[in-house]
Amino acid sequence: MTFLGPEKRSTEHHVAGDRYNALKGRARRFREIDIHRGIPDDELSDRLEGIIRERDELNVSSPLIPTGAFKKAQKAINAGEAEYRVDADR
């Protein structure tokens, strides 16, 4: 196991978070815009598969979140700290 300095670990988590946010934006555009534009089903399927592949790659390549940090974030989310109006009816 390799131990990284805090700055490097922080940067890796920041980059992974940015990549997940970009993927979330592409997935939302796909759901809210692309599927309503009359694009053929086979093209939509290819786009969705690309989103899924990217998510899978991110899951494998992103740094692990320490258990304590995960539990703290989960508790905050369950308490409503991360509720967004755009996601309210999902």
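These numbers come from the heavy atoms of this one structure, side chains and all, not from hydrogens, waters or symmetry mates. Given the structure is predicted, the values throughout are model-derived calculations rather than measurements.
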Salt bridge (charged side-chain N to carboxylate O under 4.0 Å, His left out) partners of residues 63-79, not counting sequence neighbours, each pair once: none
Within a 6.0 Å radius of atom NE2 on H36, are there more than 12 heavy atoms belonging to other residues, nucleotides or ligands? yes
Quick check: is L23 connected to L44 through a chain of hydrophobic side chains (ILVMFWY, heavy atoms under 4.5 Å apart)? yes
Could you work out, with salt bridge (Lys or Arg N to Asp or Glu O under 4.0 Å) as the rule, every residue matching R53, not counting sequence neighbours? none
D41, CG: over 12 other non-hydrogen atoms inside 6.0 angstrom: no
Taking R55's backbone N and O only, do any of them form a donor-acceptor pair with Y20's side chain (distance below 3.5 Å, no angle check)? no
Is there a path from I52 to I35 through hydrophobic residues (I, L, V, M, F, W, Y) whose side chains come within less than 4.5 Å of each other? yes
Separation of S45 OG from R47 CZ (nearest 0.5 Å): 11.5 Å
To the closest 0.5 Å, what do you measure between CZ (F30) and CZ (R37)? 11.5 Å
Is there a side-chain contact between K24 and N21 in this structure, where contact means two heavy atoms from C-beta onward sitting under 4.5 Å apart? yes
Taking all non-hydrogen atoms of both residues into account, name the closest pair between R26 and I51 and its distance. O-CD1, 4.1 Å
Would you indicate whether R19, at its atom CZ, is surrounded by more than 12 heavy atoms from other residues, nucleotides or ligands within a distance under 6.0 Å? no
Is L58 linked to L48 within one hydrophobic cluster, defined over Ile, Leu, Val, Met, Phe, Trp and Tyr using a side-chain heavy-atom separation of less than 4.5 Å? yes
